[in-house]
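As the structure is a prediction and not an experimental result, all values here were calculated from the model. Just so you know, these numbers use all the heavy atoms, side chains as well, and skip hydrogens, waters and symmetry mates.
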Amino acid sequence: LVLPRNDSWKRYVEPRATDEGLAYMLQTPKIDDPGLPIADSLVSVSGTVLLTAVILLLGAPRPSWLVPSPWVPQWRSLPFVVPAITHGSSLASCWVLGALSARAFEKEAFADTRREAWIRSWKAGAFATGLLIIGTQGFLMGYLPTNILILISVQDWYLC
């Protein structure tokens with residue numbers, strides 16, 4: 001590993017001040033528009049339900065999360081609604097945590113320039129993807145899904 005001679009790389013390696021850490025951002029979020037997290041969650045759940053409808057309508061191969069619920073009455077596509085909403089809720093929780101970590105709900109994120117909105121959206125998406133990967137691997141290895149919250153609270157995790 002060859003590091004540059006200047007000290008610009010240190011900001012990615014050295015811990016930041018406590019008021020900028022990831023745990024602090026998630027514990028004390030700044031949400032200027034309280035409707036944004038709700039709207040983001042509704043879009044995520046609605047998108048998953050729409051995707052489910054398209055998959056069932058076209059007869060395409062079903063993803064592993066789209067398994068009919070046996071306890072729901074077998075009427076049309078009703079048994080597929082519960083897994084779609086459950087999957088959409090999981091995606092929404094990952095996205096909202098990612099948006100909180102990227103400070104995407106602050107006024108500066110959506111009231112300034114498009115560039116700032118794109119940067120914060122990409123950071124939120126990258127964090128949400130990481131949560132999805134960790135959650136999936138933890139689930140496959142037999143850990144409880146709540147262990148993700150323990151990983152988030154570790155002070156050494158910082159968003160660049």
A.B. asks: Flag yes if more than 12 heavy atoms outside W122 fall under 6.0 Å of its CH2 atom; otherwise flag no.
C.D. replies: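 No, because the 6.0 Å sphere around CH2 of W122 holds 12 heavy atoms or fewer from other groups.
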A.B. asks: Surrounding CD1 of I38 (heavy atoms of other residues, nucleotides or ligands, distance under 6.0 Å), is the total greater than 12?
C.D. replies: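 Result for CD1/I38: open.
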A.B. asks: Given the rule in the side-chain contact (heavy atoms from CB on, under 4.5 Å) test, do W71 and V82 qualify, once you have shown the distances and angles that lead to the verdict?
C.D. replies: CA-CA 10 Å; W71 51 272; V82 174; 4.0 Å; yes
A.B. asks: Would you check if the side chain of S101 reaches a backbone N or O of G98 as a donor-acceptor pair within less than 3.5 Å?
C.D. replies: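 Yes, the answer is positive, given that a donor and an acceptor are paired below the 3.5 Å cut-off.
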A.B. asks: Rounded to the nearest 0.5 Å, what separates atom CZ in R114 from atom OG in S121?
C.D. replies: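 It comes to 12.5 Å.
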A.B. asks: Determine all donor-acceptor pairs shorter than 3.5 Å in which one atom belongs to a side chain in residues 49-57; sequence neighbours excluded.
C.D. replies:
from	atom 1	to	atom 2	distance (Å)
T52	OG1	T48	O	2.9

A.B. asks: Side-chain atoms of residues 89-97: list all donor-acceptor pairs with protein atoms under 3.5 Å, sequence neighbours left out, distances to 0.1 Å.
C.D. replies:
from	atom 1	to	atom 2	distance (Å)
S89	OG	I85	O	2.8
S90	OG	T86	O	3.1
S93	OG	S89	O	3.4
S93	OG	S90	O	2.8
W95	NE1	D40	OD2	3.1

A.B. asks: Please give me the minimum heavy-atom distance between F110 and F105, naming the atom from each residue.
C.D. replies: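 Scanning both residues completely, I find the closest heavy atoms to be CE2-O, 3.7 Å.
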A.B. asks: Taking all atoms of both residues into account, what is the closest heavy-atom pair of S44 and G88, and its distance?
C.D. replies: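 Between these two residues, the closest heavy atoms are OG-O, 3.3 Å.
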A.B. asks: Quick check: closest heavy atoms across P79 and P83, and the distance to 0.1 Å?
C.D. replies: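 Closest approach of P79 to P83: O-CD, 3.3 Å.
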A.B. asks: Assess whether a salt bridge exists between R120 and E106, defined as any Lys/Arg side-chain N lying under 4.0 Å from an Asp/Glu carboxylate O.
C.D. replies: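 Yes.
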A.B. asks: Of the non-hydrogen atoms in S69 and Q74, which two are nearest, and what is the gap between them?
C.D. replies: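 For S69 versus Q74, the nearest heavy atoms are O-NE2, 3.9 Å.
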